[in-house]
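Reading through the structure tokens given below for one structure.
Numbering of residues begins at 1 and proceeds along the displayed sequence.
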Amino acid sequence: MASPSSSMNPHSPGLKTYFKTPEGRYKLQYEKTHPAGLLHYSHGKSVSQLTIAHLEEKQASQGPSAPSPPSSSSVVKSAAARLFVGVNGSKTFSHGGTNGGSKLASGTNKFGGTFGASTGSSSSPAVANYDVKGAYLVFNAGDTLFISDLNSQDKDPIKAIHFSGSNPLCHAFDSEAKDGHDLLIGLQSGDIYTVSLRQQLHDLGKRLVGAQHYNKDGAINNSRCSCVAWVPDGNGIFIVAHADGNLYVYEKNKDGAADPSFPVIKDPTQVTVAHARSSKSNPIIRWHICQGSINSMSFSADGVYLATVGRDGYLRVFEYSKEKLFCGGKSYYGALLCCAWSPDGKYILIGGEDDLVQIWSMEDRKIVAWGEGHNSWVSGVAFDSYWSAPSSDGSGEYSMYRFGSVGQDTQLLLWDLEIDEIAVTARYHPHGGSPTYSRGSTSAHWESVPPVGTLQPPPSMRDVPKLSPLAVHRVHVEPLSGLIFTKESIVTICRDGHIKIWARPRADDDHSDANPEAGGIVSAHVSKDGRHAAAAPSARANGSGFKQQTASAFARN
């Protein structure tokens, strides 16, 4: 609070507009939010999630009578004035062209209005494929889904899509979608939609346009959608996880009219996979994962593995195409809430109600490090695929990872993870004495790799290296629900749907104030097989100004 007012966020009193890291300052660039008047009374029943969608330049396939394609900036400039008319008023706004492209016949649905019907100009061609190039933020708040331009400093969103009977809870974007339906939306009612993001940006009214509808009115599963994902290179296949522990595989090009008739689940404590009896059915496969909600799921970059975390506190990693459990383990306490893969698919971050960030190794099939720094549940984790260690040789092999985590304590934490030598904070011996990193017992946990297909109990914390964050910053007033790394920034969102974009340090930034204060950080080196070496001073030669500390210095502090 003693910081000068110029460094404080005027919209969030008491919060600094920057935080320091070894490579420089991350500065608050701008904020995004939603008009408060648009929120429904059920706002508190949902948690805002964030998706970033990159729309690449696309050649327009339109007739000579079609209007000229609008630019992204023209859409943004006209959005603010028309947003309130489109959502609260009786008028709807169409940004030229029609909203064709859906294979469904026209019809009315209680969640998204009229689907498959044109709301644009009658003089336009049946299908208008306009280019709306740029990066967009998709986020939910209450019963509304918002779309905002990432690169615009306009605070208000471009479009608000209202769902009158349920809340949108989760969404995912497929940049490789071939038919234009690239945005996947899951609702609290269990209903699922796929739409074209471009079409939504060309009709700034309050309804979904050109939508495909699945699990209509919860006919297949009426529990809430907890998370959704596109299958990498799946040609339109997507998966939807529900709060009852079931996960369904859908084909986008099927309408799902046939009853899938899945068999009854005999043992809810076991993982089971069942295929629909008819080739016309949609969904085509049901996975029963666990008892209770599947809170988060994530595919490895190559699509080989699918990681899920749930209410029962287990991480489960499946070989997706083989439909088999590969490995997994239990949290130290409570449910697991989030998971994320490293870019090379070698590590998985997990976080949850034990307030810890854990790093799971696919090679070792076990936890190889855990991070302590949050004061409440960890609600979001992500690797920074755009960051590279100063010592990187450019070979493509990762020698150090940067990742981030956010929690209900309103804090953003940044971490560094070394591969062969994980820098960890030295801990005092539990019975007093000199601060050493105790190897603990020669547990078999570190001597062998668990068998494929087994779920591991949590190892003793004494047997697992401990990480400390390199940066801790309170970024929001409300609990955080997610973060995403982009090439230029870190994007954070709180549970109420307020977004902040933190610009990365520039090359010409002064690093003199980025050095950590003398605090006595000691490193314990851990080899790839998990065995501890002797405690030693941290000596990361990355030009960040880290001070080498000794064990005696740590003891004095």
Side-chain angles (χ1 to χ4, degrees), residues 3-4 6-9 12 15-31 340 342-343 347 349 351 357 359 369 371-375 378 380-392 398-407 409-419 421-425 466-476 480 482-493 499-523 537-549:
S3 301
S6 60
S7 68
M8 309 307 285
N9 182 354
S12 304
L15 299 184
K16 289 185 177 180
T17 58
Y18 67 89
F19 60 91
K20 302 173 184 178
T21 66
E23 61 268 19
R25 289 188 178 193
Y26 283 79
K27 299 177 182 178
L28 179 61
Q29 192 171 10
Y30 45 87
E31 299 183 50
S342 64
Y347 296 92
L349 297 174
V357 178
I359 298 91
E372 185 178 52
H374 283 286
N375 300 316
V378 178
V381 289
F383 278 94
D384 186 353
S385 60
Y386 299 95
W387 181 87
S388 59
S391 58
S392 174
Y398 287 84
S399 60
M400 184 186 295
Y401 298 83
R402 169 69 57 82
F403 63 90
S405 61
V406 295
D409 57 3
T410 71
Q411 293 189 127
L412 164 68
L413 274 59
L414 295 182
W415 314 73
D416 277 352
L417 171 70
E418 297 184 35
I419 301 302
E421 298 178 346
I422 302 175
V424 297
T425 303
K466 176 184 173 183
L467 297 177
S468 290
L470 64 89
V472 178
H473 182 59
R474 183 170 180 248
V475 292
H476 288 259
L480 293 163
L483 79 161
I484 296 177
F485 290 94
T486 73
K487 187 176 182 180
E488 295 82 15
S489 61
I490 302 176
V491 186
T492 59
I493 184 170
I499 298 169
K500 292 186 178 182
I501 293 89
W502 302 88
R504 292 181 183 270
R506 298 194 306 266
D508 58 350
D509 278 350
D510 180 9
H511 294 189
S512 60
D513 61 356
N515 297 336
E517 297 179 1
I521 295 179
V522 180
S523 289
S538 175
R540 287 184 285 180
N542 57 9
S544 62
F546 274 107
K547 296 180 181 179
Q548 297 188 16
Q549 304 292 335

### Summary
Rounding to 0.5 Å, atoms CZ (Arg474) and CG (Leu15) come to a distance of 5.0 Å
### Query
Taking atom CD1 of Ile490 and atom CH2 of Trp387, what is their separation to the nearest 0.5 Å?
12.0 Å
### Summary
Here the gap from Thr17 atom OG1 to Glu31 atom CD, rounded to the nearest 0.5 Å, amounts to 10.0 Å
### Query
Quick one: CG on Leu483 to CG on Leu412, what's the gap to the nearest 0.5 Å?
6.5 Å
### Task
Could you tell me if the ring centre of Phe485 sits under 6.0 Å from that of Tyr386?
no
### Query
Taking only residues two or more places apart in sequence or in another chain, which ones pass side chain to side chain donor-acceptor pair (under 3.5 Å) with Glu372?
Lys466
#### Entry: Arg506/Glu23 ion pair, N-O < 4.0 Å
no
### Task
Using the test ring pair (Phe, Tyr, Trp, His ring centres under 6.0 Å), find all partners of His374 that sit at least two apart in sequence or belong to another chain.
none
### Query
Salt bridge check: are Asp384 and Lys487 linked by an N-O gap of less than 4.0 Å?
no
### Task
Compare every heavy atom of Ser385 with every heavy atom of Pro343, then report the nearest pair and how far apart it is.
CG-CB, 3.7 Å
## Note on the structure
Looking only at heavy atoms, the pair that brings Ala503 and Gln29 closest together is CB-OE1, 3.8 Å
### Task
Please report the shortest heavy-atom distance between Leu467 and Phe403, naming the atom on each side.
CD1-CZ, 4.1 Å
### Query
Where is the tightest heavy-atom contact between Ser405 and Val378, given as atom of each residue plus distance?
CB-CG1, 4.3 Å
### Message
Counting the benzene-type ring for Trp, do Tyr347 and Tyr401 have ring centres under 6.0 Å apart?
### Response
yes
### Task
Drop me the distance from Ser468's OG to Asp416's CG, to the nearest 0.5 angstrom.
12.0 Å
## Note on the structure
Value for CZ (Arg504) from OH (Tyr26), rounded to nearest 0.5 Å, stands at 4.5 Å
### Closest non-hydrogen atom pair between Lys500 and Val475, with its separation
NZ-O, 2.6 Å
